[in-house]
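Please read the structure below before turning to the comments.
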Protein chains: 2
Amino acid sequence: MGQAATIKDVAQRAGCGVATVSRVLNGTGPASTKMREKVLAAVKELDFYFSEVGRSLQSSTTRTIGCVVPSIENPVYADAVQGAQEVCLEAGYQMLLICTNYNAEMETHAIRTLIAKQVDGIILTVGDVQNSEGFEMIRARKLPHSLLYNTAPEGQTSWAVDDHAAAVKVADVFFANNHKHTGFFGLDFLSSDRARQRFEGFAEGCAHHKMTPPALLEVDDDGDDLTLQLDAFLKRHPNITGLFASNDYRALAAIRSARQLSIDVPGDLSIIGFDGIKVGQMIDPTLATIATSPRTLGAGASQTILSMINGSTPPILPHKEQTFSFRAGGSLMPLAAESKDDGKVTAFPSSTTKPTRLL
Amino acid sequence: MGQAATIKDVAQRAGCGVATVSRVLNGTGPASTKMREKVLAAVKELDFYFSEVGRSLQSSTTRTIGCVVPSIENPVYADAVQGAQEVCLEAGYQMLLICTNYNAEMETHAIRTLIAKQVDGIILTVGDVQNSEGFEMIRARKLPHSLLYNTAPEGQTSWAVDDHAAAVKVADVFFANNHKHTGFFGLDFLSSDRARQRFEGFAEGCAHHKMTPPALLEVDDDGDDLTLQLDAFLKRHPNITGLFASNDYRALAAIRSARQLSIDVPGDLSIIGFDGIKVGQMIDPTLATIATSPRTLGAGASQTILSMINGSTPPILPHKEQTFSFRAGGSLMPLAAESKDDGKVTAFPSSTTKPTRLL
DNA sequence: CCTCCTAATGGAAACGTTTCCACCTATATC
DNA sequence: GATATAGGTGGAAACGTTTCCATTAGGAGG
């Protein structure tokens with residue numbers, strides 16, 4: 001049982017030509033009952049499977065799609081990848097996964113590799129779409145592709161959360177709850193256009209409501225010294241009452257650090273996260289956040305690619321405002337109104353903003 | 001720019017035979033400086049890449065390894081996959097990922113697919129090793145493989161946490177903290193040999209310390225009615241003071257439900273989880289748990305496979321006790337000793353049980 | 001000038017499929 | 001009984017590589 005059996009072995013054993021075997025097994029073209037049986041028997045005996053490699057060479061199609069994401073340790077991408085993978089599998093495609101660790105060089109290398117592997121399409125999240133060598137290569141080759149979590153340049157299809165609009169929404173929420181002085185807590189600003197857009201949207205939203213521009217707390221590490229940095233930050237900006245974290249993990253870390261500093265969340269400081277990861281609702285206080293649906297985005301990206309491949313009609317992209325929804329939580333508390341006093345500020349029940357359907 | 005350039009196109013453009021192109025580009029065999037330059041120029045002009053498909057057919061090797069896990073929505077598997085993927089990439093291999101959603105049929109189908117795709121090796125987590133059609137197929141074909149998170153049958157290599165020993169350890173810890181009446185909180189017992197082993201180990205450990213056998217709280221869903229079930233469970237077993245959850249998510253869910261029932265954790269009920277996910281340390285109280293290192297396991301599995309493929313020496317499997325370590329946390333509180341009163345029961349600083357090195 | 005050796009090169013087979021085309025054999029039709 | 005027709009069938013080319021082998025050219029040594 002050294003090497004796997006090939007179609008030739010089957011043909012020999014069944015006493016026919018390879019063409020007949022192919023026809024029988026693929027159900028293409030005619031075959032007598034006798035031959036069919038003999039072939040099937042030979043297949044059984046030899047435990048034969050078609051080699052996809054040979055097939056791919058002949059059909060110049062690999063039934064494989066590539067997926068490039070920063071890291072699946074981040075549950076947002078993990079969920080998206082899983083969603084994408086399921087759709088692929090359903091359609092008989094397999095997924096080649098490469099994680100780039102938020103590294104631009106890796107991105108390029110990954111995409112190069114996938115092109116060499118002749119994948120039929122690529123789903124990708126890059127650090128900066130406007131400036132991505134790999135993405136350019138894909139476009140130049142006209143390879144079916146869909147961006148994931150990157151807002152697309154003109155004419156490109158992309159399955160992404162509208163970070164900008166979502167961040168504006170966060171500003172709206174802070175405003176509606178009478179928070180006037182806020183901060184934005186991010187990490188690694190330059191390498192991700194997403195973080196940038198979240199900050200910009202937030203700043204814009206604050207400006208629109210004539211709130212003070214958000215103070216920026218930028219750290220290089222989520223680790224323990226965050227507590228010190230947060231402390232210094234809050235001392236520098238003593239009137240901050242609301243903090244927008246660039247993702248839920250960061251929000252959780254902020255809550256932990258606040259606790260260590262004996263700062264009450266949400267009593268002294270309200271916190272809003274981004275992503276809507278599962279654990280956000282399991283902790284106390286529950287995390288107010290921008291809820292997104294990574295699975296849906298991933299699945300959508302797959303469907304887009306599959307439709308590009310087989311020429312069917314592509315799925316409709318969700319409206320930008322449908323890619324996220326604000327989810328209330330215990331980490332956000334309304335502040336007593338200073339001057340004006342409308343009823344808005346009291347409670348923020350989760351039923352008010354029910355999750356938007358994505359598809 | 002219809003089809004991608006092939007080696008023939010390059011040869012034609014460079015005015016030489018395909019063999020020369022191959023030699024130049026692969027650095028195998030001699031070539032004159034003149035030819036080398038011409039070939040390189042042609043490659044640049046045509047933007048040529050080797051087709052891995054053609055290569056695979058010729059070399060009967062795909063430089064691809066398959067990975068089959070239940071779900072990467074579970075961060076334990078996500079981390080393991082990522083670790084495995086990194087090692088593969090480093091070695092110039094790519095990873096084909098299939099998630100089976102804890103479904104035995106999917107497992108078989110996934111493995112069949114990977115075999116047809118001619119992967120050079122497979123990393124896999126199955127529901128039940130003793131009874132896995134897919135795993136049998138792999139063994140029959142003598143395909144390089146490594147189990148991940150499944151304890152291996154005789155002679156098989158496997159990168160897994162020793163669930164049984166870890167569960168015994170949990171019993172030890174409960175005992176050392178004077179908890180005599182405990183429960184085990186699991187889900188979907190039958191489909192996973194891992195959950196089973198955790199329960200058995202725990203029961204065994206309890207028996208060894210002459211504690212009451214653990215009561216079993218089995219639910220079919222992590223959702224909201226967990227609270228009701230937990231309530232009923234604790235009413236049925238009023239003297240339970242310690243609960244061992246089959247994984248950290250479950251532990252978190254239990255804490256949340258306890259809070260809803262006004263049961264103080266750890267004052268009224270101590271909880272220990274399993275896995276050591278990141279958020280366990282970000283919440284309050286921090287989660288006492290069995291800490292594992294999924295990344296390391298995944299990376300190890302990859303290394304094992306790579307060594308099988310190229311015949312180098314395989315990495316040493318960690319000792320069973322090195323695959324996990326108990327991590328203390330605020331969700332576990334020592335109980336006042338009833339009869340005997342040794343000093344053991346007071347605090348349980350995390351430094352006492354320092355994480356074991358895995359590699 | 002002839003021979004020998006080495007370096008450079010190209011042709012062709014092989015890898016495992018699919019598919020086109022040609023062939024053969026019955027059976028039906030005249 | 002000859003001819004058309006259809007259903008079965010096998011041979012061979014093609015897909016893009018690598019590599020063995022044969023060939024050529026060119027220089028060194030006699």
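Residue numbers start from 1 in every chain, and the chains themselves are labelled A, B, ... in the order their sequence lines are given, proteins ahead of strands.
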Proximity to DNA chain D (any heavy atom under 4.0 Å), residues of residues 35-45 of chain B only: none
Closest contact, heavy atoms only, B/Ser158 versus B/Ser146: CA-OG, 4.4 Å
Minimum heavy-atom distance between B/Pro70 and B/Arg194, given as atom pair plus value: CG-NH2, 4.0 Å
Selection residues 69-93 of chain B - residue pairs positive for ring-ring contact (aromatic ring centres under 6.0 Å, His included), sequence neighbours left out: B/Tyr77-B/Tyr149
Non-neighbouring partners of B/Arg23 that pass salt bridge (Lys or Arg N to Asp or Glu O under 4.0 Å), sequence neighbours left out: none
Contacts of type salt bridge (Lys or Arg N to Asp or Glu O under 4.0 Å), residue A/Arg63, not counting sequence neighbours: none
Heavy-atom closest pair, residues B/Val69 and B/Leu97: CG2-CD1, 4.2 Å
Per-nucleotide protein contact string for nucleotides 15-26 of chain C (B base, S sugar-phosphate only, - none; heavy atom under 4.0 Å): BBBBB-------
Smallest separation among heavy atoms of B/Gly121 and B/Ile305, with atom names: CA-CG2, 4.0 Å
Degree of bending in the helix from C/dC1-D/dG30 to C/dC30-D/dG1 once both end axes are built from five pairs, to 10°: 60°
Donor-acceptor side-chain pairing of A/Gln118 and A/Ser56 below 3.5 angstrom: no
Option from B/Leu147, B/Ile122, B/Leu114, B/Val68 for which side-chain contact (heavy atoms from CB on, under 4.5 Å) with B/Ile138 holds: B/Ile122
Distance-only side-chain donor-acceptor flag, A/Asn101 / B/Glu86, under 3.5 Å: yes
